[in-house]
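Report on the following structure.
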Amino acid sequence: MDGAFLIFILFVFLIWVFWRSDKNTHPPKLREDEPLEPLQLERRRAAAYVPTTPAAPRQQVLDGPAYVIDGDSIVIKKVEIRLFGVDAPEFNHPFGKKAKWALVALCKGHKIRAEIVAQDTHGRTVAKCFLPDGRDLSAEMVKQGLAIDWAKYSGGVYRSMEVPDARKKMWLADARQKGRMHVWKQFEARQKSAGKA
């Protein structure tokens with residue numbers, strides 16, 4: 001009797017595990033008839049490729065084609081990845097679109113290798129990402145003047161690669177690194193008021 005009960009419990013447990021693993025595997029569908037602003041559309045498209053509940057990385061290395069979210073975020077195999085050690089402008093910030101398209105150009109047609117190093121406070125996987133020829137995506141974005149070193153996380157390894165006016169161009173990213181989030185709030189408020197006018 002005890003053996004049959006243990007088999008029953010094991011069977012119920014396996015069904016529960018299978019049900020839980022299948023629960024959030026289907027990405028949300030985009031409604032094409034819904035009018036969205038460019039930033040909302042990018043976030044909505046990114047959501048279609050990213051699981052709704054972030055999980056701790058199980059693998060140490062991911063590789064495959066990359067879907068680019070913005071200048072420092074990509075998705076590989078449905079895992080949102082933040083490029084290690086750099087900060088690029090947000091899509092709606094100055095140079096944000098240019099940063100995204102530069103990263104698209106770097107990744108297009110390539111299998112990207114992501115060596116996972118951590119998980120950030122937003123639940124994104126942080127990884128050192130490499131092109132097939134070994135070039136570091138973080139370094140390439142910094143060299144193009146479309147990302148800046150984030151010494152708090154990189155230890156300053158990309159600082160010497162920054163172009164001379166990078167921090168001036170990406171003043172919002174620089175402000176974030178220095179903890180001056182009021183600068184961001186003021187910028188967002190100006191954008192909202194300009195959009196209403």
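Val117 and Phe130 are not part of a single hydrophobic cluster, where members link through side-chain heavy atoms under 4.5 Å apart. Both Trp101 and Val86 belong to a common hydrophobic cluster when Ile, Leu, Val, Met, Phe, Trp and Tyr are linked at side-chain heavy-atom distances under 4.5 angstrom.
Atoms CD1 and NZ, from Ile112 and Lys77 in turn, are 12.5 Å apart once rounded to the nearest 0.5 Å. Atoms SG and CZ, on Cys129 and Phe84 in that order, are 11.0 Å from each other to the nearest 0.5 Å.
Arg135 pairs by the salt bridge (charged side-chain N to carboxylate O under 4.0 Å, His left out) definition with Asp133, Glu140, not counting sequence neighbours. Residues satisfying the side chain to side chain contact (heavy atoms under 4.5 Å, CB included) test with Pro132, not counting sequence neighbours, are His110. Taking Asp70 as the reference, nothing meets the salt bridge (charged side-chain N to carboxylate O under 4.0 Å, His left out) condition, with sequence neighbours excluded. With sequence neighbours excluded, the residues that form a ring-ring contact (aromatic ring centres under 6.0 Å, His included) with Tyr153 are Trp150. For Asp120, the salt bridge (charged side-chain N to carboxylate O under 4.0 Å, His left out) partners two or more places apart in sequence, or in a different chain, are Arg124. When the salt bridge (charged side-chain N to carboxylate O under 4.0 Å, His left out) test is applied to Lys111, the partners found at least two apart in sequence or on another chain are Asp63.
The shortest heavy-atom contact between Lys98 and Leu146 is O-CD1, 3.9 Å. For the residue pair Ala66 and Ile74, the shortest heavy atom distance occurs at CB-CD1, 4.0 Å. Closest approach of Gly71 to Leu103, counting heavy atoms only: O-CD2, 3.6 Å. Residues Leu83 and Met141 come closest through the heavy atom pair CD1-CG, 4.5 Å. Residue Val142 comes nearest to Tyr158 through the heavy atom pair CG1-O, 3.6 Å, listed as atom of the first residue, atom of the second, then distance. Residues Ile76 and Ala114 come closest through the heavy atom pair CD1-CB, 4.1 Å.
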Decide side-chain contact (heavy atoms from CB on, under 4.5 Å) for Ile116 and Val126; before the verdict, give the C-alpha distance in whole Å, the side-chain angles of both, and the deciding distance to 0.1 Å. CA-CA 6 Å; Ile116 298 166; Val126 178; over 6 Å; no
Determine, step by step, whether Met161 and Asp149 satisfy the side-chain contact (heavy atoms from CB on, under 4.5 Å) criterion, reporting the C-alpha distance in whole Å, the side-chain angles of both residues, the deciding distance to 0.1 Å, and the verdict. CA-CA 8 Å; Met161 299 174 195; Asp149 178 63; over 6 Å; no
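Counting Ile, Leu, Val, Met, Phe, Trp and Tyr side chains that sit under 4.5 Å apart, directly or through other members, Val163 stands alone, with no cluster partners.
When each of Asp87, Leu137, Ile81, Ile148 is paired with Asp72, the side chain to side chain contact (heavy atoms under 4.5 Å, CB included) condition holds for Asp87 and for no other.
Electrostatic pairing of Arg82 and Glu80 does not count as a salt bridge here, judged by no charged N lying under 4.0 Å from a carboxylate O.
Annotation: salt bridge (Lys or Arg N to Asp or Glu O under 4.0 Å) contacts involving residues 163-173, sequence neighbours excluded, comprise Glu162-Arg167, Arg167-Asp174.
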